[in-house]
*Asks:* 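Below is a structure I'd like to ask you about.
Whatever order the structure lists ligands and atoms in, that order sets their numbers, starting from 1.
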Amino acid sequence: MELSDGLLLQVSSGEQWCSRWKHPVEESDRSTSPSVLRSVASSWKDGLLNRKRPFVGRCCYSCSPQSWEQLFNPSIPSLGLRNVIYINETHTRVETAILKSAADVESVKPGYEYKAVNKVKQKARSVLQEMVANISPAFIRLTGWVLLRLFNGFFWSIQIHKGQLEMVKKAATEQNVPMIFLPVHKSHIDYLLITLILFCHNIKAPHIAAGNNLSIPVLSVLIRKLGGFFIRRRMEETEDGKKDVLYRSLLHSYVEELMKQQQFLEVYLEGTRSRSGKPSTARAGMLSIVVDTLCTGAIGDVLVVPVGISYDRIIEGNYNSEQLGKPKKNESWWGIACGVFRMLRKNYGCVRVDFNQPFSLKEYLDTQRNRHLPPPLSLENTLMPTIISEQPELFEGQEEEQADRELPEEIYRRQLINNLAKHVLFTANKSSSIMSTHIVACLLLYRHRQGVVLSKLVEDFFNMKEEILSRDFDLGFSGNSEDVVMRALHLLENCINVTSSPSGNGEFTIAPGQTVPALFELNFYSNCLFHVFISDAVIACSILSLQRELKLESNSHNLNEDPYVFPLGQERLIRKAAGLAHFLTNEVAVAPPCQTIYQVFHDAVTRLIQYGVLYVAEEDQEELSPSPAEEPWPKKFSEPLSWRSDEEDEDSDFGEEQRDRYLKVSASAEHQEFFLFLQRLLSPVLEAYSGAAIFVHSLSEPMSESDFTQKLFRYLLTRTERGVAAYGESATHYLVKNTVKTFKELGVLKERKDNKVTTLELSSTFIPQANRNKLLQYILGFSLL
Ligand SMILES: CCCCCCCCCCCCCCCCCC(=O)SCCNC(=O)CCNC(=O)[C@H](O)C(C)(C)COP(=O)(O)OP(=O)(O)OC[C@H]1O[C@@H](n2cnc3c(N)ncnc32)[C@H](O)[C@@H]1OP(=O)(O)O
Ligand SMILES: O=P(O)(O)OC[C@H](O)CO
């Protein structure tokens, strides 16, 4: 069986690292206690044998029920994994259709009836020349041959699920429609892998929208032959800053033409590699072209395939230089050469690529038409009344009006496409497997920040892996947890500290490195599983905030009083969590646009009750009515990251009885530990945002956005460097940028654009210091700090 073959290979290739860690030459007399590890490991085996792996990547039943039925059959999940590295070259076959299509692509004629001027035509030709792909299957095959050999050298395995590929292949061969692959973007290796995997499975190579930063001499020719076509990463590139109508229409025509010829497309919605480990916000311009092409009837349908990609370790290693505020280096041959050299010197562990079930875009759009699409709500309108509670009525009437009103056509279209992009990215991220390095980094940062002995780390690794599987996320590794942890530690070796245990029992103690780059790097890998626990983490932090509020409301002056004694109204708790989820909108999506936020947090509370972390306290219900400040629940939370849908209101699952229940936090040490872990997961983010809330106090006069961002970054980094920050990773540059974005959307900062320079100043609401304090208190309320 291929899976077991793959496992054998991984375990054997990892063994050298395990033995190095277990028996380092210089410390052979202080080896770990194998008896401890053996006893832990043997108890896992039962779990491993019993646990069925989830099959990830089904499309959304709610948005595309017909697609959900199609292409899938019950035998698909059992097809198991395959290591791409070991695919025999004879499995590939030249797609003759690609040659023909590529030749046709060359002759695309742009439609510029309205600008029938020779000069413009000439310009159009040169733009097109710079843009278009020129696929050469022979060259792809040659590159594939080279890549397989290279990848064999620096990856332990490249895993794909055969069932997922089966569905994609069936769609590619049986349904005569174009397909669009929409992957998450983690590394420059992403697009190499996807073309390689598709080509190896006899699925035609996609045309890939490549940022024109990659258009460097010679490389651009190669990229075109491999399927890349170049797009501007920002549409506006005319000198006067106006819309470049010619460029837009050329791009539109080119993409439309590709789809008419039933070519496959690949678009990286984030438009950049993730610098945080979490998906970046989706940009919908390319997707809007696809949707328009379908809506104008130029094509009958498009199949959409979200793709998840996970690396044990990205080839780029880390983005520390950029996270430390240095500008990104432009792409160059020198950079590529250094990258290849780096690759050849190191092993990068395992990679997993998850192709989701293709779904019909037409079906998706039809389903949305039958749903009420609420207007886009600004963070300012949603959250300001909660933060500055004195003025709730300022926004409420406005909101009610807006939610019911029919959207103007253009706003409706934008909202529809934005939701599609968010949905796809959410799905692609959800299907991305969790790797061993992600778990180890997360455990070290948020469970054992002071260090942990190896046997305990292995035990916790096992528990977390089981927890992840039980939440229907898949893992990108298999085998004995002890070996897997050893390999992960090896891959993370430059950001961890290993010392022999002070207790002198021969065990090693592993701790996260305390340098700024080490913390940043671990944070990147840990963030790759942020989404697995996010709803529980938001609930855990909201409980903290609510407990503090209740304590104030009860006028308790006993500071030593256990904050967990107060029963919490479930409704009020979920409202709090909804607020925090909105506040963190630039950090993480807790739900796809088709799901209600109420459902997500209700599920999280139910899960925590099942775990015993929360329990239902029946008593005192009458006395603890929700705080008047939060009543009535305004319609503003209803959608899109919505509170509760109409259907749910009618659904008996969410009856009054459940809504009004009161909860308490378990006092058991084990539960408290898990609870603390959840709160710590969000701590770096909350520390960055509270740091920014403190920093805005110093904004006495307008400042350019870049200066403000830079100063805020320096402020947070100094806190980290001086050891003032509880979580040094709170100073990562991506968090700084997100806080500025959030504060603008929240209406804390007002922006003005003068001559292409964006200036920031405090909004009138936040000029009074009291309101800035309220913002800070709001954030700190959720925080452990
Ligand atoms: C065996 C084989 C082995 C061999 C294998 C080898 C294979 C190797 C292949 C080689 C490939 C090499 C390189 C590939 C690299 C891929 C990764 C990248 O480059 S990633 C980087 C490249 N990829 C990407 O960046 C893709 C993602 N980015 C995008 O799609 C961006 O939108 C953009 C880049 C197109 C423009 O960005 P921007 O200037 O910020 O503008 P906006 O977005 O704000 O809007 C622009 C306009 O779009 C419209 N519109 C927008 N939203 C909506 C909406 N919701 N509703 C409706 N319409 C919407 C609207 O018209 C709007 O204009 P306006 O009316 O507002 O004036
Ligand atoms: O992550 P970036 O911003 O360097 O962009 C990566 C893309 O693959 C190139 O356009």
*Asks:* Under the 6.0 Å and 45° cation-pi test, does R224 pair with F229?
*Replies:* no

*Asks:* Quick one: look up the protein heavy atom nearest atom 6 (C) of ligand 2 and list residue, atom name and how far away it is.
*Replies:* R273 NE, 3.7 Å

*Asks:* Taking the minimum heavy-atom distance to atom 5 (O) of ligand 2, which of E322, R233, E331, H185 ranks first?
*Replies:* R233

*Asks:* Ring of Y319, cation from R275 - is the NZ or CZ under 6.0 Å from the centre and inside 45° of the axis?
*Replies:* yes

*Asks:* Considering only protein heavy atoms, which is closest to atom 4 (O) of ligand 2, and at what distance to one decimal place?
*Replies:* K328 NZ, 2.5 Å

*Asks:* Run the contact test for H185 against ligand 1 with a 4.0 Å cut-off on heavy atoms, strictly below, and give the result.
*Replies:* yes

*Asks:* Is the Y364 ring parallel, tilted or perpendicular to the F359 ring (thresholds 30°, 60°)?
*Replies:* tilted

*Asks:* For atom 9 (C) of ligand 2, state which one of T272, N330, N213, N212 supplies the nearest heavy atom.
*Replies:* N213

*Asks:* Please work out which of the three classes, parallel, tilted or perpendicular, describes the rings of F155 and Y348, given edges at 30° and 60°.
*Replies:* perpendicular

*Asks:* Need the ligand 2 atom indices (1-based, order shown) with element for anything under 4.0 Å from a heavy-atom of L214.
*Replies:* 9 (C)

*Asks:* Could you tell me which atoms of ligand 2, counted from 1 in the order shown, lie closer than 4.0 angstrom to a heavy atom of H188?
*Replies:* 6 (C), 8 (O)

*Asks:* Given A284, P183, A282, identify the one with the heavy atom nearest to atom 52 (N) of ligand 1.
*Replies:* A284

*Asks:* With backbone taken as N, CA, C and O and side chain as the heavy atoms from C-beta onward, which portion of R275 lies under 4.0 Å from ligand 2: side chain, backbone, both, or neither?
*Replies:* side chain

*Asks:* Quick one: list whatever passes side-chain hydrogen bond (donor to acceptor under 3.5 Å, both in side chains) with S64, sequence neighbours left out.
*Replies:* none

*Asks:* Scan side-chain atoms only and decide if S433 and D354 contain a donor-acceptor pair under the 3.5 Å cut-off.
*Replies:* yes

*Asks:* Restricting to side-chain hydrogen bond (donor to acceptor under 3.5 Å, both in side chains), what partner residues turn up for K741, sequence neighbours left out?
*Replies:* N586

*Asks:* Looking at G211, which atoms of ligand 2 are within less than 4.0 Å of one of its heavy atoms?
*Replies:* 10 (O)

